[in-house]
2 protein chains.
Amino acid sequence: MELAEGKQKFIEAWGKLGSEWGINRTMAQVHALLLISPDALTTEEIMEELSISRGNANMTLRDLMGWGLIEKQHKPGERKEYFYADKDTWNIARQVAQERKKRELDPVIKILNELNSVEGNDKDPAYKTFKKSVADINKLAKNVNKTLDTMLKADENWFWGSIFKIFK
Amino acid sequence: MELAEGKQKFIEAWGKLGSEWGINRTMAQVHALLLISPDALTTEEIMEELSISRGNANMTLRDLMGWGLIEKQHKPGERKEYFYADKDTWNIARQVAQERKKRELDPVIKILNELNSVEGNDKDPAYKTFKKSVADINKLAKNVNKTLDTMLKADENWFWGSIFKIFK
DNA sequence: TCAAACTTTCAAATATTATTGAAAGTTTAT
DNA sequence: ATAAACTTTCAATAATATTTGAAAGTTTGA
């Protein structure tokens, strides 16, 4: 396979995966493009390569910076801004995990805790089932939470090494 | 807090979480409703409770069955179909993990493997960066894949027990 | 066989989300 | 101070996803 074709496929695949995970397709594609690019790229180049508008490129790049996945770079003597992606896959995974935890898991855990204050009659099946489901999900959420916290602090080799030691 | 209010909040929260994860909000809400319901419900009751149309309810219930999260139930002497959700949180997590793995991770791993056949000159930085990124992501994807496979087979207590043993 | 009870389908309508592009804003060099 | 180079904003538009509801389909019992 040619490099050009491979790039296309990679950008496409990353974009699709992103959209399945609630991440805007363009954002995932820009990230893919920067991931496989050895040098930092300008907004202009990104617009060109992916055929997207200036506004879209600008917003997307801003979002990606917000996720901590790319950074601005300035070249001496140039006014243009260049963007480059962190190429360390483990960092990327951690960054994404951290953002999603903050935006999604944490709020859910908060609500689940609030739901502990629901009062009712223990003889009432509706109440009992509600309580049980909330408690069970709470437990699962907290386990996930704890595991993510560990992952966020961990070194890649240690993390997978530990996982596979038990999972064989 | 009153049970009715708690139910509302729970359904809302589950719906929001679902939509952040690329799962249709209604689908997550129907699942939430069935999760906290002690008895199986009819399409009619679900439509009523969530104010959704018959068509929507029908499609959503079909999807949820496709994900293995709910099942049809028939009551003797009745023509109506009742639906009930598996209440075991660990099963739910596994079911979701399995479906998403199948639909999303597996295809990506397939493409990443195809991208190994990209040919190029080792002196070319574009080629080198591409190769490296693809290889790194491939490695991560395979680790995740392996961990999910273990989880899919595992018993809940064993799984978390093992995780926390190493993660303290 | 018929009709009531129930379920499924799907084209059209609605709602949501993403994208464009031109205008406004900013920075820098002279 | 000004103009060129560059970035940001955002209302309008386009694309996508979801929902509706009425019609068609199915099953059951008399």
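The structure displayed is predicted, hence computed values, not measured ones. Note: hydrogens, waters and symmetry copies are ignored here, and every other heavy atom, side chains too, is used. Just so we're on the same page: letters track the sequence lines, and every chain starts at 1.
The side chain to side chain contact (heavy atoms under 4.5 Å, CB included) test with A:Ile70 singles out one residue from A:Thr60, A:Leu34, A:Leu41, and that residue is A:Leu34.
Here CG of A:Asn138 is found 4.5 Å from CG of A:Leu112. Values are rounded to the nearest 0.5 Å.
Rounded to whole angstrom, the span from the NZ atom of A:Lys75 across to the P atom of D:dC6 amounts to 14 Å. Here C:dA18 presents its P atom at 11 Å from CE of A:Met59, a figure rounded to the nearest Å. Going from atom CZ of B:Arg79 over to atom C1' of C:dA4 covers 7 Å, rounded to whole Å. Remark: C1' of C:dT7 and OH of B:Tyr82 are 15 Å apart, rounded to the nearest angstrom. A straight line from CG of B:Asn56 to C1' of C:dA11 spans 15 Å, rounded to a whole angstrom. In this structure, B:Asn58 atom CG and D:dT26 atom C1' are separated by 13 Å, rounded to whole Å. For A:Lys72 and C:dT27, the NZ to C1' distance is 12 Å, given to the nearest whole Å. The distance from atom CZ of B:Arg54 to atom P of C:dC10 is 18 Å, rounded to the nearest whole Å.
Panel note: side chain A:Glu78, backbone A:Lys75; no donor-acceptor pair is recorded below 3.5 Å.
Between B:Thr26 and D:dT19 there is a side-chain N or O to OP1 or OP2 distance below 4.0 Å.
When distances run from any side-chain atom of A:Ile52 to the nucleotides C:dT20, D:dT18, C:dT19, the shortest one goes to C:dT20. Across D:dT18, D:dG21, C:dT19, the shortest atom-to-atom separation from the side chain of B:Ser53 is found for D:dG21.
Place A:Arg25 and A:Phe83 on DNA chain D by their nearest nucleotides, and A:Phe83 ends up nearer the 5' end.
In this structure the side chain of B:Lys87 reaches within 4.5 angstrom of the side chain of A:Thr129, judged on heavy atoms.
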